[in-house]
Amino acid sequence: MICTVTLNPALDKILIIDEIRPGENNRLSDFKIDVGGKGTHVAAVLSDLGVDNVATGILGGSTGRKLQRLLTDRGVACDFVWKQDYETRTSYIVIEFRRHRHFMLTEKEAEVDGETIDRLKAKVQELSRKCEYMVFSGGVPPGFNKSIYRELIEISNKHGAKSVLDASGEFLKEGIISAPYMIKPNCDEFSQIAEKNMQDEREIADYAKQLLEKGIHVVAVSLDRRGSLIVTKEKIWRIYPPEVNTVNTVGCGDVFLAAALKKIADKNSLDESFIFATALSATKAMQIKTSKFDLKKAQELIKKIKIEEWT
Ligand code: TA6
């Protein structure tokens, strides 16, 4: 069983428009809703891939109820901490077809109080006893300390679960102190940990090796459209993604993480797991919705993925 922990879930509203014209009434050509907030995406994708999973985090209000319904409909077991007088945020993803571009606008979230945070910690403790993997993913609403992911990972490690962290800034920097099993930073987030701008792939691999000395087992650095670097004590892989017609890249990282975890949990080798993750995530970029993918297409794309083993 895999548990996802989303401290700041969202409902994704996807607004589709041909062209945005400033100062005019911009009429949408279509509108879709999807689960949002990183960890919840991972949960929905895991369910679609047939992996038993439970989602926790903080929810509130009618948006929270709507999001939970979407997750339940996808087959996710929901065990959220509910907060009174709190409304789960909405994220707006605007897809502008004519210019082949999209934007994400996220609502400002309300502050979380100490009592809710304590209930969340107790929930993480309870779930980390039952789950093999605990996935901590996404932004953090105000009210939490910078150390929150470090504390939650410590709790999971203590109860025998393997922790996976997909966060940014100070939350990521603090989180790695507790030595999660795996981290999945992008280039910017990796530069935040290293405290210097990291673009050179060899330099990223060398610094990732240093992180492994702290007890992390897998550092999966997303290089966005350029693919990824997967660094472990034994091996380094550079994976190049296939070319696809991109419609909306929001959620690609979450599909990548869920797909890799599915394969790792099924005891596949790491290179095989990340090749599958790369293919599935590429099919996400072709979809309008933020947590959708195309498994059949991914099987075709696997053959087009290039992988190098670095020494
Ligand atoms: O990764 C995509 C996504 O989860 C969107 O669904 C959107 O809601 C957003 O990211 C939230 O990201 P944040 O970092 O603010 O938690």
Side-chain angles (χ1 to χ4, degrees), residues 4-16 31-48 55-61 63-64 66-68 70-71 74 76 80 86-95 102-112 120 135-144 146 148-149 152 164-173 175 183-190 192 220 222 224-225 228 246-261 277 280-293:
T4 58
V5 182
T6 315
L7 301 183
N8 202 0
L11 184 75
D12 281 357
K13 289 194 171 171
I14 303 138
L15 317 178
I16 302 147
F31 169 87
K32 302 207 180 293
I33 61 166
D34 203 341
V35 300
K38 298 212 160 51
T40 42
H41 271 170
V42 174
V45 175
L46 284 172
S47 279
D48 290 353
T56 191
I58 297 164
L59 287 183
T63 315
K66 206 168 197 174
L67 174 58
Q68 175 156 283
L70 287 176
L71 286 166
R74 295 277 283 270
V76 176
F80 283 92
Y86 187 80
E87 191 67 37
T88 293
R89 69 184 169 148
T90 300
S91 296
Y92 300 88
I93 295 103
V94 183
I95 302 182
H102 55 274
F103 316 86
M104 181 156 69
L105 311 163
T106 48
E107 265 180 11
K108 189 167 165 34
E109 57 290 275
E111 186 159 335
V112 179
L120 179 90
V135 181
F136 300 96
S137 187
V140 178
F144 282 97
K146 297 274 176 276
I148 184 63
Y149 280 137
L152 295 178
V164 176
L165 179 61
D166 184 6
S168 60
E170 289 298 319
F171 297 104
L172 170 62
K173 263 171 111 173
I183 57 171
K184 188 199 81 63
N186 60 26
C187 254
D188 287 345
E189 291 158 352
F190 199 77
Q192 288 161 1
S222 155
D224 297 319
R225 283 165 194 274
S228 61
T246 299
V247 177
N248 175 14
T249 59
V250 174
C252 283
D254 307 327
V255 172
F256 179 85
L257 185 55
L261 274 172
L280 204 68
S281 155
T283 73
K284 156 68 217 52
M286 302 164 81
Q287 319 292 319
I288 284 176
K289 284 194 150 192
T290 48
S291 70
K292 285 285 174 196
F293 57 84

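Both ligands and their constituent atoms are indexed starting at 1 by order of listing.
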(request) With sequence neighbours excluded, tell me which residues meet side-chain hydrogen bond (donor to acceptor under 3.5 Å, both in side chains) with Lys66. (result) none
(request) Determine yes or no for a side-chain-to-main-chain donor-acceptor pair under 3.5 angstrom, with Thr6 supplying the side chain and Thr40 the backbone. (result) yes
(request) For Thr63, enumerate each residue passing the side-chain hydrogen bond (donor to acceptor under 3.5 Å, both in side chains) test, keeping only those at least two apart in sequence or located in another chain. (result) Glu87
(request) List for me each residue that meets salt bridge (charged side-chain N to carboxylate O under 4.0 Å, His left out) alongside Lys184, sequence neighbours excluded, and say none if there are none. (result) Asp166
(request) At a heavy-atom distance under 4.0 Å, which protein residues reach ligand 1? Sort them by chain and number, would you? (result) Ala10, Asp12, Gly36, Gly37, Lys38, His41, Arg89, Ser91, Met104, Gly138, Gly139, Val250, Gly251, Asp254
(request) Ignoring hydrogens and angles, tell me if any N or O in the side chain of Thr88 forms a donor-acceptor pair with the backbone of Ala10 under 3.5 Å. (result) no
(message) Check whether Gln287 reaches the backbone of Phe293 with its side chain - one donor and one acceptor, N or O, closer than 3.5 Å.
(response) no
